[in-house]
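First the structure, in the form of structure tokens, and then the observations on it.
First the proteins, then the strands, lettered A, B, ... as listed; each starts at 1. In what follows, every heavy atom counts, from backbone to side chain, and hydrogens, waters and symmetry copies are set aside. These figures come from a predicted structure and were not determined experimentally.
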Amino acid sequence: MTDPLTVLCFSAVRLGGRILDCLHVETTKGRAMSLILAAESLAEIITGITECEPCSIAIAAVIHVALIGAFFGLPAGIFIWAERKVSARIQDRLGPTRVGGRFGWLQAVADGAKLVQKEDLAPKAADKPLFRIAPYVVVIASFAAFMFLPFTDGWSAVSLDVGLFALFAMLSLEVIGVILAGYASGSKWALFGGMREAAQMVSYEIPMSICALIPIVMAGTLNLNEVIHYQSAGWDTGFPPFFHWNVFHPVAGPAFIVYFVCATASCKRAPFDLAEAESELDAGFLTEYSGMRWSFFFLAEYASMFLVSAVAAILFLGGWDDGFGIVRSLKGTSTNVLDPSVILGNVIGAGVLMLKASKLVLIQIWVRWTLPRLRIDQVMTTCLKYLLPMACALFLAAVVYPMALIVLTGRPQVLPLSAPLTEAAVLTTDEPKVEVAAADAEVSE
Amino acid sequence: MNIEQLLFALFALLTCGGAISVVICQNVVRMAFSLIISLASISALFFLLSADFVGATQLMVYVGGTIVLLIFGVMLTSSSALLQIRTSPAEGFLAAGIGVLFLSVFSFTVWSVDWDRNEAKLAGVTAVDVPEQGYNEASSGNTVRPLAMSFIGLRPDKDGKAPGYLLPFEIVSVHLLVVLIGAAYLARTKRRVSAES
């Protein structure tokens, strides 16, 4: 730990959050440090220091879980406060003003403290073990999906080639907790709410997944970080870099709107909050819950809002790319993770992604307090008769559009391609991008 | 015992425990929940073996899809709030017989794998020349690209000599389309009949 490089590496871990694929570092300082420098993951770095593989994997796991827990819990707390404050302002009220200063900053903490003190109740008619487990299922499903989120270039707890697929698979488990809660409560309101919610979440998953596939097809990879690399561009193309974001693509732009509507519905947010419609169902599947277990459902709801918004930002809004080439120029072509400008670029990238995701969450809050609730048949009609055909047509268009462009202009996209960010990016995007660059060169000649 | 073996033991226990409690439980929803534990642990085992795609598919199709449909079926069909299932002794014997047969097939398969590569040793060749059966570190992980390529008929991993799975893939997708249209048709006709009556 006295080695300055080791200390720097550790501070990079703390600063960065999740070291994930701590990058493909080429060792220049000899073989001694190669184990740490060539590390592909946090576990390998710690192994280089402690020389104990099982304990280093355990330590790395604890660090990852703690960091993801911070990203899971903190936004949820902030958005609970923001929801109350924004809704109050929309309705011309003040909202929380008492706890923690003028703006009621500590409202979420106060809410949490109140909920912890409540008695842990279970109705007599409930199936008690399932009733108690259901909130944990929802929270774990939402939490596990955060594993696959790239917070900035290379910083994800698990960087998989099937990233988006695995993320949606995890997220789809949430519905099981809701059904269990509805069924195990032993109350007809809860049962109705659970069934509505399950029908809604399962239906909206289809157009949501199809829309999420559109950027995947365009980028040719399911790895979320590579999807961002595909959208990231410099000033060398002659256009502002943010024009390369998928949202400015003629097909992916409408897909973003469809995705966002479906994502809002899959988080059971108004105007799709049929499952807990107070006027019809008391509180739906939440009717019999109180205290901590009730708050777990809301923790998962706000965390899922943040998650689907972050996925929207990654797929359509360029993820950690700031749109003005700042992160790109800071990172340059350096492949050394410990380079201060690379670290700074990564931290800014993480901030940019958080900002974009938070903006989208704010839109969800704004929509909730603006639009009235739909009826259950209207919710299903919206999904199956409008959103699903739109998603399918957009998916078809996304496949046909590059072909039409190749026939008309000789290359698969309107904007010229920027130089790849790093060698790693070239490696991961494979030949297609190289071929397109060659086609670009021919066209310009 | 390294950490992978520990995790394997944990998830293997959960898989078997979940499977056993599916059989022992009498409440349908609790059975379904045990099935979730069992199937999710199997997907964890896939992730442990670096088979990311299979693991995620297991979660999406079985845990997120099939089980939800199953619970839905239970909710829509059960007459009482908490349905109980009781099996007759004859059913128990039949199930036990089939289970034992199935177990023997599995055991036979597992024991017939040459785990220690004894054949290679007996033949006097170096172990390197004989590909290891079963799990193989070198061929694990990141299977998405090869899988996707093989589904559009390309096999770069076999120098393009082996045929891909384009035809089976198309047949399955047409089959699924037929099933979807059939389901929609059935749902519509049912409604029409009830409207006339």
Engaged part of A:Leu222 at the chain B interface, taking heavy atoms whose separation is under 4.5 Å: side chain
Over all atoms of both residues, closest heavy-atom pair of A:Ser142 and A:Glu174: CB-OE1, 4.4 Å
Flag if over 12 foreign heavy atoms under 6.0 Å of NZ, A:Lys188: no
Ionic contact status for A:Glu288 with A:Arg293, cut-off 4.0 Å: no
Residues of residues 130-140 of chain A near chain B, each having a heavy atom less than 4.5 Å away: A:Leu130, A:Ile133, A:Val137
Closest non-hydrogen atom pair, B:Ile42 against B:Thr15: CG1-CG2, 3.4 Å
With B:Ala44 via side chain to side chain contact (heavy atoms under 4.5 Å, CB included) - residues at least two apart: B:Phe11
Check: A:Phe285 ring centre within less than 6.0 Å of A:Phe297 ring centre: yes
Top contributor to chain B contacts, counting heavy-atom pairs under 4.5 Å, from A:Ala141, A:Ala198, A:Gly220, A:Ser172: A:Ala198
Contacting moiety of B:Thr57, where chain A heavy atoms sit under 4.5 Å: both
Nearest heavy-atom neighbours spanning A:Lys128 and A:Pro123: NZ-O, 3.5 Å
